[in-house]
Trainee: 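I'd like to ask some things about the structure below.
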Amino acid sequence: MQDAVIFDPNPADAPATAGDATTLDARGKREFNKLQKRLRRQVGNAIIDYEMIGEGDRVMVCLSGGKDSYTMLEILRSLQRNAPVRFSLVAVNLDQKQPGFPEQVLPEYLDGIGVEYHILERDTYSVVKEKTPEGKTTCALCSRLRRGSLYGFAEEIGATKIALGHHREDILETLFLNLFFGGSLKAMPPKLLSDDGRNIVIRPLAYCREADIAEFARLMDFPIIPCNLCGSQPNLQRQVVKEMLAEWEARHPGRLESMFKAVTNVAPSQLADRKLFDFAGLEEKQARRQADRIDIRQES
């Protein structure tokens with residue numbers, strides 16, 4: 001297929017561009033290059049598999065200041081240089097007006113690498129703190145407000161795709177959160193049409209391991225901005241699930257890879273959702289197959 005060459009994971013002109021990676025010894029540089037190529041390959045494969053980016057797309061890269069979104073932006077920039085399809089990138093940060101947020105960090109970084117960007121100011125922090133009862137987690141409301149602000153802004157700037165920095169473990173954690181606490185078997189899809197039908201959301205890091213992203217971010221020396229609103233909350237269900245998955249992987253290496261493969265290999269007939277599979281019609285299907293078998297025997 002022609003599409004298979006759209007995002008070459010190993011071009012000749014894809015050197016390290018920033019941070020500690022430029023000061024590594026020969027062995028360290030080899031390991032960094034292997035890591036960078038692996039991330040490029042995985043992001044490129046995800047883009048191809050789910051047709052995330054096409055000719056003329058304007059991709060809004062949601063940049064939070066965390067390791068995942070920095071890595072996503074850097075890998076997309078690297079792929080963009082060699083892609084035979086033309087697409088543009090625009091970084092957008094939502095300044096939620098959290099106390100102590102270092103407002104200068106992202107503009108200085110983005111100016112330094114020459115990326116088009118916007119800082120969208122919305123005081124969702126005050127809304128979240130006001131509306132969330134004492135002792136309850138802020139994640140659900142914060143996420144909803146953040147998503148609404150970013151979706152609306154994407155239309156304002158003409159973005160055709162919205163790129164979020166969720167990786168493999170984020171997808172698996174969401175699967176188990178919904179399974180344990182939501183009574184549903186769903187995760188985060190690599191590509192999504194928003195509920196109002198106005199935006200297409202993509203997750204280019206869907207195939208990437210969190211450990212690889214963390215190491216890449218460390219070597220690139222990205223100016224990480226921690227989220228004090230989320231990370232400071234005790235007993236988050238997601239954190240409990242994250243620790244559970246990490247323990248499973250430590251005791252049984254390869255388990256997360258197997259579980260992620262399962263997310264991409266669903267058999268509706270082996271579950272119990274009547275909307276996804278016609279269990280009521282199995283008798284009719286059986287009768288048709290029996291009739292076909294009888295016809296074949298008669299002809300022979």
Side-chain angles (χ1 to χ4, degrees), residues 1-10 34-35 37-54 68 71-72 75-76 79 161-195 199-214 216 237-286 288-289:
M1 292 177 57
Q2 180 65 26
D3 287 348
V5 299
I6 287 178
F7 296 93
D8 178 9
N10 301 309
K34 286 169 58 178
L35 172 61
K37 288 179 180 179
R38 181 162 64 249
L39 290 170
R40 284 176 54 88
R41 183 179 66 253
Q42 291 168 340
V43 171
N45 286 342
I47 291 172
I48 292 168
D49 288 350
Y50 294 94
E51 300 184 11
M52 293 183 181
I53 299 175
D68 306 325
T71 297
M72 175 176 62
I75 297 298
L76 287 176
L79 290 171
K161 302 287 172 60
I162 300 174
L164 303 180
H166 299 118
H167 48 66
R168 184 191 67 173
E169 278 84 342
D170 286 325
I171 292 172
L172 290 176
E173 289 162 17
T174 303
L175 173 70
F176 281 93
L177 282 168
N178 284 316
L179 181 65
F180 292 161
F181 306 107
S184 61
L185 196 59
K186 63 180 182 180
M188 292 175 170
K191 186 177 181 181
L192 170 74
L193 179 64
S194 62
D195 290 341
N199 300 105
I200 292 181
V201 176
I202 59 174
R203 295 184 169 97
L205 300 181
Y207 291 172
C208 300
R209 297 170 60 243
E210 183 175 18
D212 284 347
I213 293 169
F216 184 76
Q237 293 172 341
R238 181 172 289 275
Q239 185 60 35
V240 173
V241 171
K242 179 185 284 290
E243 292 169 359
M244 178 192 75
L245 294 179
E247 181 181 352
W248 284 359
E249 181 67 13
R251 295 173 63 178
H252 306 281
R255 176 167 288 186
L256 295 191
E257 187 65 31
S258 179
M259 287 193 295
F260 186 80
K261 184 177 180 181
V263 174
T264 69
N265 186 28
V266 178
S269 66
Q270 306 304 303
L271 296 173
D273 191 328
R274 291 171 294 164
K275 296 188 293 296
L276 293 181
F277 187 79
D278 183 17
F279 294 99
L282 286 178
E283 286 79 6
E284 181 181 347
K285 185 175 183 179
Q286 179 190 38
R288 287 199 304 270
R289 287 191 176 181

Trainee: Just by distance, do the side chain of Q42 and the backbone of L205 share a donor-acceptor pair under 3.5 Å?
Mentor: no
Trainee: Going by atom type alone, with no hydrogens or angles, which donor-acceptor pairs under 3.5 Å involve a side-chain atom of residues 260-275 and a protein atom two or more places apart or on another chain?
Mentor:
{"from": "T264", "atom 1": "OG1", "to": "K261", "atom 2": "O", "distance (Å)": "2.8"}
{"from": "D273", "atom 1": "OD1", "to": "K275", "atom 2": "N", "distance (Å)": "2.9"}

Trainee: Closest approach of G44 and L79, non-hydrogen atoms and distance?
Mentor: N-CD1, 4.1 Å
Trainee: Does the side chain of D68 reach to within under 4.5 Å of the side chain of H166, using non-hydrogen atoms?
Mentor: no
Trainee: Apply salt bridge (charged side-chain N to carboxylate O under 4.0 Å, His left out) to residues R168 and E257 and explain how you reach the verdict.
Mentor: CA-CA 9 Å; R168 184 191 67 173; E257 187 65 31; 3.0 Å; yes
Trainee: With a 4.5 Å limit on heavy-atom distance, are the side chains of T174 and R238 in contact?
Mentor: yes
Trainee: Find the distance between NZ (K37) and CZ (R40) and round it off to the nearest 0.5 Å.
Mentor: 9.5 Å
Trainee: Distance check, rounded to the nearest 0.5 Å: Y50 atom OH versus L192 atom CG?
Mentor: 13.0 Å
Trainee: Check for a donor-acceptor pair, side chain of R203 on one end and backbone N or O of P189 on the other, with a separation under 3.5 Å.
Mentor: yes
Trainee: If we only count heavy atoms from C-beta on, is the L185 to L175 side-chain gap below 4.5 Å?
Mentor: yes
Trainee: Let me confirm one number: the NE2-CG distance from H167 to L172, rounded to the nearest 0.5 Å.
Mentor: 10.0 Å
Trainee: Determine whether F176 and V240 satisfy the following criterion, side-chain contact (heavy atoms from CB on, under 4.5 Å), listing intermediate values before the conclusion.
Mentor: CA-CA 11 Å; F176 281 93; V240 173; over 6 Å; no
Trainee: So how far is it from D170 CG to L164 CG, rounded to the nearest 0.5 Å?
Mentor: 10.5 Å
Trainee: Is a side-chain donor or acceptor of E173 paired with a backbone partner of V241 at a separation under 3.5 angstrom?
Mentor: no
Trainee: Of the non-hydrogen atoms in A163 and M72, which two are nearest, and what is the gap between them?
Mentor: O-CE, 3.4 Å
Trainee: So M259 and L245, do their side chains get closer than 4.5 Å, heavy atoms only?
Mentor: yes
Trainee: Would you find a donor on one side and an acceptor on the other, under 3.5 Å apart, between the side chain of E169 and the backbone of E210?
Mentor: yes
Trainee: Do the side chains of Q237 and F180 get nearer than 4.5 Å, heavy atoms only?
Mentor: no
Trainee: Do N178 side-chain atoms and K186 backbone N/O form a donor-acceptor pair below 3.5 Å?
Mentor: yes
Trainee: Looking at CG of L39 and OH of Y207, how far apart are the two atoms once the value is rounded to the nearest 0.5 Å?
Mentor: 14.5 Å
Trainee: Locate the shortest heavy-atom distance separating A46 from P204; write the atom from each residue and the value.
Mentor: CB-O, 3.8 Å
Trainee: Can you tell if the side chain of E51 reaches within under 4.5 Å of the side chain of K191, non-hydrogen atoms only?
Mentor: yes
Trainee: If we only count heavy atoms from C-beta on, is the I47 to L76 side-chain gap below 4.5 Å?
Mentor: yes
